[in-house]
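Shown next, in structure tokens, is the structure this report addresses.
Counting begins at 1 with the first residue of the sequence.
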Amino acid sequence: MRSAQPRAAMIRSPRATDGLRRAARRAVLRHRRWLAAMLAAAAVLLTVGAIRAPAPIGEPVLTAAADLPAGAALRPSDGRVQRVPAEIVPPGAVTDPAQLANRVLTGPLGAGEILTTSRLLTASQLTPEPGRRAAPVRIADPGAVALLRPGDIIDVLGTSGGGLGVSAAAVVAAKVRVLTVPRRGPEGGGGGLLNGSPATATESTPQGSLIVLDVREDTALALARAAAAGRLSVVLRAPQD
């Protein structure tokens, strides 16, 4: 009698298994629409995840949109936001195009180069301190003026006619800073601070090319007197002088 019980269990086991299978099949058939919708949603999510653009790599910086000359009066459109590896981002890198408005470039910049705050003159740097004057003067040699950039330190020499037609030269203003070097735009009007190319030549007249200097009031008067008496020329000074 004891051996009959395991045998009966073995006989009933396949039936129980078939019952479970039939119950599972009925459950799947009953909920097949819901399961199909869930599988479709999962497929959509997987597809979207596969085609989603990867996250941007690198740090955003502002680069020159084109070749920019020294002394250029910048506009926000002169910069272009690009991402570069963090390890090559220089200190003071500019990131917002709005930072370029009303700034002047201290040196030439090639297209694609990163703009930094050290390359930009601010409005305060273009305005003399209290007690000083922004003195416009005309320099006789346009070629010499084409070499000047805002921030340069120069000496201004005055020449006047002497005996037998020989001119005497003397320093009128020593170690003065160039504020601006106005340039002529394509139509001949004032074009701001642009490079002296054929289309944007130095603003000049037969009396000379215009520059604006940061000087003391007495120096401004001396420059005016020297300009009335003769011609003015410039000498560039080394930064350490």
Side-chain angles (χ1 to χ4, degrees), residues 51-129 132-139 142-154 176-205 208-214 234 236 239:
I51 64 175
R52 183 179 299 167
I57 299 176
E59 298 293 328
V61 296
L62 207 63
T63 62
D67 292 341
L68 298 172
L74 299 178
R75 299 166 296 178
S77 59
D78 290 322
R80 180 177 300 155
V81 177
Q82 294 187 355
R83 289 186 174 270
V84 300
E87 57 270 18
I88 70 169
V89 177
V94 180
T95 59
D96 185 0
Q99 291 180 263
L100 300 185
N102 301 318
R103 297 293 185 91
V104 174
L105 196 62
T106 61
L109 203 66
E113 287 191 56
I114 298 174
L115 284 152
T116 61
T117 53
S118 63
R119 305 294 296 274
L120 306 177
L121 287 176
T122 62
S124 61
Q125 291 172 305
L126 292 173
T127 304
E129 298 176 357
R132 302 183 67 85
R133 299 291 183 265
V137 296
R138 290 197 177 274
I139 305 303
V145 173
L147 300 175
L148 299 180
R149 297 292 180 263
D152 284 348
I153 303 300
I154 64 172
V176 294
R177 182 165 61 96
V178 177
L179 286 178
T180 65
V181 184
R183 308 287 178 177
R184 188 176 65 243
E187 285 77 30
L193 303 178
L194 302 175
N195 192 36
S197 63
T200 56
T202 305
E203 194 285 311
S204 62
T205 69
S209 297
L210 185 67
I211 61 175
V212 183
L213 304 177
D214 174 13
V234 297
L236 278 75

Considering all heavy atoms of both residues, which atom of [X] and which atom of [Y] are nearest to each other, and what is their separation?
{"X": "Val178", "Y": "Val181", "answer": "CG1-CG2, 3.7 Å"}
{"X": "Leu109", "Y": "Ala64", "answer": "CD2-CB, 3.9 Å"}
{"X": "Pro136", "Y": "Leu210", "answer": "CB-CD1, 3.8 Å"}
{"X": "Gly58", "Y": "Arg83", "answer": "O-NH1, 2.7 Å"}

By side-chain contact (heavy atoms from CB on, under 4.5 Å), Asp96 pairs with (sequence neighbours left out) Ala98, Gln99
How many angstroms lie between [atom1] in [X] and [atom2] in [Y], if you round to the nearest 0.5 Å?
{"X": "Asp67", "Y": "Glu113", "atom1": "CG", "atom2": "CD", "result": "8.5 Å"}
{"X": "Leu179", "Y": "Arg133", "atom1": "CG", "atom2": "CZ", "result": "13.0 Å"}
{"X": "Thr116", "Y": "Leu62", "atom1": "OG1", "atom2": "CG", "result": "11.0 Å"}
{"X": "Ile139", "Y": "Ile154", "atom1": "CD1", "atom2": "CD1", "result": "6.0 Å"}

Exercise. Got a donor-acceptor contact below 3.5 angstrom from the Arg177 side chain to the Asp214 backbone?
Worked result: no
Please tabulate, one pair per line, all N/O donor-acceptor pairs under 3.5 Å involving side-chain atoms of residues 73-81, not counting sequence neighbours.
residue : atom : partner : partner atom : Å
Asp78   : OD2  : Arg75   : N            : 2.8

query = Is there side-chain contact between Ile114 and Val89, with heavy atoms separated by less than 4.5 Å?
reply = no
> Is any side-chain heavy atom of Asp152 less than 4.5 Å from a side-chain heavy atom of Val234?
Replying inline: no
Taken in chain and number order and not counting sequence neighbours, the residues that satisfy side chain to side chain donor-acceptor pair (under 3.5 Å) with Thr117 are none
